[in-house]
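Worksheet: the structure to be examined is printed underneath.
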Protein chains: 2
Amino acid sequence: MQETAPFASYASGITASHRELLDQVLDKWSLQVMEELCEQPQRFNELRRAIPVVTQKSLTAALRRLERNGMVERVVTSTRPIAVEYRITALGKTLQDLIDALLRWTTDNMDGVERARERYDGEN
Amino acid sequence: MQETAPFASYASGITASHRELLDQVLDKWSLQVMEELCEQPQRFNELRRAIPVVTQKSLTAALRRLERNGMVERVVTSTRPIAVEYRITALGKTLQDLIDALLRWTTDNMDGVERARERYDGEN
DNA sequence: CAGCATCCGCCGCGATACTG
DNA sequence: CAGTATCGCGGCGGATGCTG
């Protein structure tokens with residue numbers, strides 16, 4: 001509840017809540033998870049196999065966060081043992097293009113970044 | 001393109017280095033900083049005033065990181081006292097549209113997310 | 001003006017063990 | 001199968017104080 005600063009205000013109005021939302025949604029594992037779920041709904045362990053390096057604690061945390069923010073839906077089937085399926089929501093879908101764009105950006109510019117790093121590291 | 005993994009491979013090939021790059025570039029303050037510098041080159045303290053909540057340690061760290069990744073250029077003028085100007089690089093400019101899109105996404109969907117959070121928090 | 005140094009708390013993330 | 005519980009660490013970020 002940022003009373004708008006009397007003077008400057010941010011460039012295009014990025015606020016704390018904006019940043020917070022992006023933090024929640026762009027955290028370490030969320031991108032992969034959403035990518036996976038955009039392709040098809042998946043069970044918990046399917047996601048683990050699809051993203052082999054994630055620990056299940058982190059995966060759980062990412063899913064909970066995404067669920068809380070309305071990006072992912074958790075569907076429980078009370079069989080025995082229970083089955084849980086995660087699927088992307090309509091709200092989550094609105095991020096898909098952006099995620100794809102981000103990934104494309106990284107692949108397109110990885111080389112340039114790499115060179116910049118070498119230059120920087122070399123000079124110091 | 002990096003050799004596709006023999007088995008699963010990620011959905012669209014997000015790798016550790018991709019994630020790492022995004023982490024460097026989308027960290028807590030980088031977005032605001034790049035936003036500011038996309039508008040115009042700015043001095044260190046100008047940035048501080050433009051983003052009043054950032055501490056200078058964090059601002060320094062963000063600038064260093066952005067510089068190392070080739071997104072921002074640090075121009076030192078050896079007057080007395082010295083002046084340092086930061087400006088966006090060509091590589092950095094390639095991110096501008098994405099940043100804008102991310103910000104637009106947050107403003108457009110903040111309400112939906114808010115409702116999702118209330119629903120989620122209410123149920124537990 | 002543009003930082004660096006230090007201390008310190010928080011939490012993201014991993015590793016490991018256990019459960020309905 | 002789909003988690004929860006606990007421990008521990010490393011690193012980010014804030015607060016404060018000092019400097020060429």
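Predicted model, so just to flag it, every value in this text is computed and none were measured. Each chain gets a letter, A, B and so on, in the order the sequences are listed, and its residues count up from 1.
Met71(A) contributes atom CE, which lies 12.5 Å from atom CG of Leu63(A) (distance to the nearest 0.5 angstrom). Atom CZ of Arg115(B) and atom CG of Leu91(A) lie 9.0 Å apart (nearest 0.5 Å).
Applying the side chain to side chain contact (heavy atoms under 4.5 Å, CB included) rule to Arg74(A) yields the partners Arg64(A), Glu67(A), Val76(A), Val84(A), Tyr86(A); only residues at least two apart in sequence or on another chain are considered. Asn45(A) is linked by a side chain to side chain contact (heavy atoms under 4.5 Å, CB included) to Arg48(A), Arg49(A), counting only residues two or more places apart in sequence or in another chain. For Glu46(B), there are no salt bridge (Lys or Arg N to Asp or Glu O under 4.0 Å) partners, not counting sequence neighbours. With sequence neighbours left out, the salt bridge (Lys or Arg N to Asp or Glu O under 4.0 Å) criterion links Glu20(B) to Arg117(A). Listed by chain and residue number, Glu114(A) satisfy the side chain to side chain contact (heavy atoms under 4.5 Å, CB included) test with Glu118(A) (two or more places apart in sequence, or in another chain). Annotation: salt bridge (Lys or Arg N to Asp or Glu O under 4.0 Å) contacts of Asp23(A) (sequence neighbours excluded): Arg19(A). Scored by the side chain to side chain donor-acceptor pair (under 3.5 Å) test, Glu73(B) finds no partners at all (sequence neighbours excluded).
Distance CD (Glu85(B)) to P (dG3(C)): 12 Å, rounded to an integer number of Å. With rounding to whole Å, Asp23(A) atom CG is found 10 Å from dG12(C) atom P. Remark: P of dG3(C) and CZ of Phe44(B) are 5 Å apart, rounded to the nearest angstrom. The interatomic distance linking Glu20(B) (CD) with dC13(C) (P) rounds to 14 Å, in whole Å. Rounded to a whole Å, the CG atom of Asp27(B) is 11 Å from the P atom of dG14(D). The CD-C1' distance, from Gln32(B) to dG13(D), rounds to 14 Å in whole Å. As rounded to whole Å, 16 Å separates atom C1' of dG14(D) from atom CD1 of Ile51(B). Rounded to an integer number of Å, the gap from CZ of Arg48(A) to C1' of dT4(D) is 13 Å.
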Atom pairs and distances, donor-acceptor, side-chain atoms in residues 50-59 of chain A, under 3.5 Å, two or more places apart:
from: Thr55(A); atom 1: OG1; to: Ser58(A); atom 2: N; distance (Å): 3.3
from: Thr55(A); atom 1: OG1; to: Ser58(A); atom 2: OG; distance (Å): 3.0

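Side-chain proximity of Arg74(B) to the nucleotides dC1(C), dG3(C), dG14(C) is greatest for dG3(C). Candidate nucleotides dC13(C), dA15(D), dG3(D) were compared by shortest atom distance to the side chain of Lys57(B), and dA15(D) ranks first.
The stretch residues 58-70 of chain B comes close to DNA chain C through Thr60(B), Arg64(B), each having a heavy atom under 4.0 Å from the strand.
Remark: Tyr86(A) is in phosphate contact with dG3(D), judged by side-chain N or O atoms under 4.0 Å from OP1 or OP2. Look at Arg80(B) and you won't find any side-chain N or O under 4.0 angstrom from OP1 or OP2 of dG20(D). Side-chain N/O atoms of Arg43(B) include one lying less than 4.0 angstrom from OP1 or OP2 on dA2(C).
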Nucleotide N/O of nucleotides 18-20 of chain C paired with protein N/O under 3.5 Å:
none

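A salt bridge (Lys or Arg N to Asp or Glu O under 4.0 Å) check over residues 75-90 of chain B, counting only residues at least two apart or in different chains, returns the pairs Glu85(B)-Arg87(B).
Over its length, the helix from dC1(C)-dG20(D) to dG20(C)-dC1(D) turns its helix axis by 50°, as judged from the five terminal pairs at each end, rounded to 10°.
Within the 4.5 Å cutoff, no side-chain heavy atoms of Thr77(A) are placed close to those of Ile82(A).
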